[in-house]
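Residue numbers run from 1 in the order of the sequence given.
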Amino acid sequence: MAGYMGFGMQTWVFKRRPRKPFTKGGRISSFYPLHQNLRTFKPKPKVKENSKGIELILALAVIILSLSIFMWINDFVEYSEQHRISVEKSMLRMEDKAFTFLMASGKQELMSNDIAAAYSEFILAYKIRPEDEEVNQLLIETLSMLCAENIKHCIELEEFLNRSI
């Protein structure tokens with residue numbers, strides 16, 4: 001029954017006879033003495049491997065690895081600088097868009113006679129560009145209009161005028 005892979009009991013397994021206890025099975029292999037050259041125990045000379053070739057390969061690998069890392073670092077520095085410049089440009093464009101939107105919105109609020117909303121728009125525009133003269137002038141005008149209604153705005157107008165001087 002060659003090739004039988006089932007889980008059932010195979011005949012050769014259960015037809016085996018148990019061995020007799022204390023019987024000599026087979027011949028024990030005879031004693032083979034060590035070879036004459038191996039009987040003396042002395043340090044063997046070191047077998048020189050191909051250390052020159054390994055050192056050369058290792059040195060080349062280190063040089064190639066260091067050059068590739070150096071080139072990768074240079075590429076990374078160039079990329080990071082270009083990325084920083086592009087982020088700065090996009091931030092400036094976004095600030096310009098926000099500033100023009102806030103100025104237009106504030107002027108529209110002034111036209112519709114909503115002075116408090118115009119003041120909040122001009123304050124946000126002032127935070128973006130505090131050096132712009134038009135924003136400063138519109139802030140002074142809206143604060144002077146709001147000063148007639150609330151004394152808190154008069155104090156803010158005074159502080160603003162002291163800062164701009």
Same cluster (ILVMFWY, side-chain, under 4.5 Å), [X] and [Y]:
{"X": "Y119", "Y": "L161", "result": "yes"}
{"X": "I64", "Y": "W72", "result": "no"}
{"X": "L146", "Y": "I151", "result": "no"}

Exercise. With sequence neighbours left out, which residue pairs that include part of residues 80-91 fulfil the salt bridge (Lys or Arg N to Asp or Glu O under 4.0 Å) condition?
Worked result: E81-R84, R84-E88
For this session: Just grab all the salt bridge (Lys or Arg N to Asp or Glu O under 4.0 Å) pairs involving residues 130-157, residues at least two apart or on different chains.
Result: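 Qualifying pairs: K107-E134.
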Just verifying a value: how many Å separate [X] [atom1] and [Y] [atom2], rounded to the nearest 0.5 Å?
{"X": "S120", "Y": "I123", "atom1": "OG", "atom2": "CD1", "answer": "8.5 Å"}
{"X": "E159", "Y": "L143", "atom1": "CD", "atom2": "CG", "answer": "10.0 Å"}
{"X": "S105", "Y": "F122", "atom1": "OG", "atom2": "CZ", "answer": "8.5 Å"}
{"X": "I73", "Y": "S80", "atom1": "CD1", "atom2": "OG", "answer": "11.5 Å"}
{"X": "E121", "Y": "F101", "atom1": "CD", "atom2": "CZ", "answer": "6.5 Å"}
{"X": "E158", "Y": "C147", "atom1": "CD", "atom2": "SG", "answer": "9.0 Å"}

Could you check if a side-chain atom of [X] sits within less than 4.5 angstrom of a side-chain atom of [Y], using non-hydrogen atoms only?
{"X": "L124", "Y": "F99", "answer": "no"}
{"X": "V135", "Y": "R129", "answer": "no"}
{"X": "L65", "Y": "S68", "answer": "yes"}

Non-hydrogen atoms of [X] and [Y] that approach each other most closely:
{"X": "G106", "Y": "A118", "value": "O-CB, 3.5 Å"}
{"X": "A125", "Y": "L102", "value": "N-CD1, 3.7 Å"}
{"X": "I128", "Y": "E95", "value": "CG2-O, 4.0 Å"}
{"X": "I140", "Y": "L157", "value": "O-CD1, 4.0 Å"}

For this session: Return the orientation label for the Y79 and F76 ring planes: parallel under 30°, perpendicular over 60°, tilted otherwise.
Result: tilted
